[in-house]
Amino acid sequence: MAEALRLTETPAWRALQGHYEKIKDVHLRQLFADDPKRGERLTAEGAGLYLDYSKNRITDETIRLLIQLAAERGVAQRRDAMFAGEKINSTEKRAVLHVALRAPQGTQIKVDGVDVVPEVHAVLQKMAAFSDRVLTGQWNGHTGKRIKNVINVGIGGSYLGPEMAYAALRTFSDPAMNFRFVANIDGAAFVEATADLDPAETLFILSSKTFTTLETMTNAATARKWIVSALKSDAAVAKHFVAVSTNAAEVAKFGIDTANMFGFWDWVGGRYSMDSAIGLSTMIAIGPKNFEKMLAGFRAMDEHFRIAPPERNLPMLMGLLSIWYNNFFGAQTVGIMPYANRLRRFPAYLQQLQMESNGKHVDLEGRPVTYQTGPIIWGEPGTDGQHSFYQLIHQGTKLIPCDLIGFCQPLSEFAGHHDLLMSNVFAQAEALAFGKAAAELKEEGSPDFQIPFRVCEGNRPTNVILAESLTPKALGTLVALYEHSVFTQGAVWNIDSFDQWGVELGKILARRIIPELESRTETELNHDSSTNALIRRYRNSRGRKVLENS
Ligand code: G6Q
């Protein structure tokens, strides 16, 4: 069989290159002047989200070619293979089924001939029963005190989702309860999370797919000591620890009854797991009913991604637009700016989702890619960012496409703030697109010498995403939107968006150096001269010696 065409050899890619040359200097001012209806036309709606993509440097031809690119790269077929449970994570030979985590009861999704949907619902029910017991005081601490504090111990995919979701949905949680997150192995993280808490009222959720991750296991051991020394009994562990993991043997070794372990499966990637049992802290915070609403939001976007035609398919359009800037305009980064303070951890969450998924240097055949893959993702909530780094977006020399995310209805009791907040979403998108020309400045009376400094060229692209309000459902929909946009990009680039070999490497590297730092006897060092010197300096500072010749 003839080898499939490499991405850059496909007809659509070549056509996009030619098309880029034609429109790269066309200004959004021109595009809007040419088509007065552009701002209504280049929009799409799905699963309760409204996407205005009219302020992108595109024409109808761009969209046509990008959709052709998706077709030539078999994005829809790959999407259908994912939904069908095929092992599309080929480097780990695993299915990729975060969509099964929110599949309704009765749907059939098979992995190796076994329908996984009943297992998913069994775990959800177990989580709901446990959450209810904690929330109603049927599950109390060792001394009989009510659980008031829940601490999720986990890192990466076992942390960023729960932390982001709690911040986003705090309005839906009982203000008398505290939810905290310990990820970093720096002991300060544990101290900060626990300093003002009573161990007798504190429940730890140890969240680790593998239950071997150094950071999590170290923090878990510290938590165990904190509980046992305060409550003066090893038996307290049973009441103050539960686990979320795929590794029952290690969970049991820690001293947790596996009846209090909430499972998930190797077909859920860490960064795609916030709606699995990894979301146990979220479920306790917002309650099982709201968690179900969040799943309904994910599900609505899954359905939209599965059936909407490409020209109206939000994740498909966003993924393709990201490729347009990344691969044709050479943009290195994407800014994520949620105009919602409660979404302040959303950029960090998306950073992992996108950069771990699409930060890849070889294609599915293991060949080095000859094109750029995943962009750098960063961002802060608006309006904060406007008073710091937006300057570079408006007037710097780099092209930074941005997603501005806003909500029509406020959740805050100080509703008067909301119009002011949202006016900034619209104003920023407008200013980034249209800028401020010298003639306008002159007319407004700017002194001549200042005009060059005040000019904003505009032509800075944005997507504006509007949802009704920041509810559990809307959060699920938003997360799934980005999951599927990442998928679309990975499918076009022909990379494995679901492995993370670079992370695995990081997990083993430090293990060699730990004993070299800890050893109290004179230690020989055999690294490069820089690493040796750094370790020597550290050991000296800690009063530990290094052999002279190393
Ligand atoms: C996510 C990554 C990574 C992982 C953490 C935690 O997709 O694989 O961020 O989630 O390293 O791993 P454990 O859950 O196994 O502790």
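Each ligand, and each atom within it, is numbered from 1 in the order the structure gives.
- Relative ring orientation between Phe389 and Trp378 is described as perpendicular, the plane-to-plane angle rising above 60° on a 0-90° scale split at 30° and 60°.
- Between the side chains of Thr171 and Arg342, at least one donor-acceptor pair of N or O atoms lies under 3.5 Å.
- By the criterion of a heavy-atom distance under 4.0 Å, the side chain of Gln500, and not its backbone, is placed next to ligand 1.
- For ligand 1, the atoms closer than 4.0 angstrom to any heavy atom of Ser158 are 10 (O), 13 (P), 14 (O).
- Thr210 OG1, 2.6 Å is the protein heavy atom nearest to atom 15 (O) of ligand 1.
- Here the heavy atom of the protein found nearest to atom 5 (C) of ligand 1 is Ile155 O, 3.5 Å.
- For the pair Arg79 and Phe305, the cation sits on the ring face: its NZ or CZ lies under 6.0 Å from the ring centre, inside 45° of the axis.
- Distance from atom 2 (C) of ligand 1 to its nearest protein heavy atom, with residue and atom name: Glu356 OE2, 2.8 Å.
- Scanning the protein heavy atoms around atom 10 (O) of ligand 1, the nearest turns out to be Gly157 N, 2.9 Å.
- Side-chain contact of Asn152 with Tyr166: a donor-acceptor pair under 3.5 Å is absent, judged by distance alone.
- Given atom 12 (O) of ligand 1, the protein heavy atom at minimum distance is Lys507 NZ, 3.3 Å.
- Distance alone, capped at 3.5 Å, places no donor-acceptor pair between the Asn89 side chain and the Ala95 backbone.
- Judged by a 6.0 Å distance limit and a 45° cone about the ring axis, Arg224 is not positioned over the six-membered ring of Phe241.
- Between Phe329 and Tyr325, the ring-plane angle classifies as tilted under the 30° and 60° cut-offs.
- Geometrically, ligand 1 and Val503 share no nitrogen or oxygen pair separated by less than 3.5 Å.
- Protein heavy atom at the shortest distance from atom 9 (O) of ligand 1 is Gln352 NE2, 2.7 Å.
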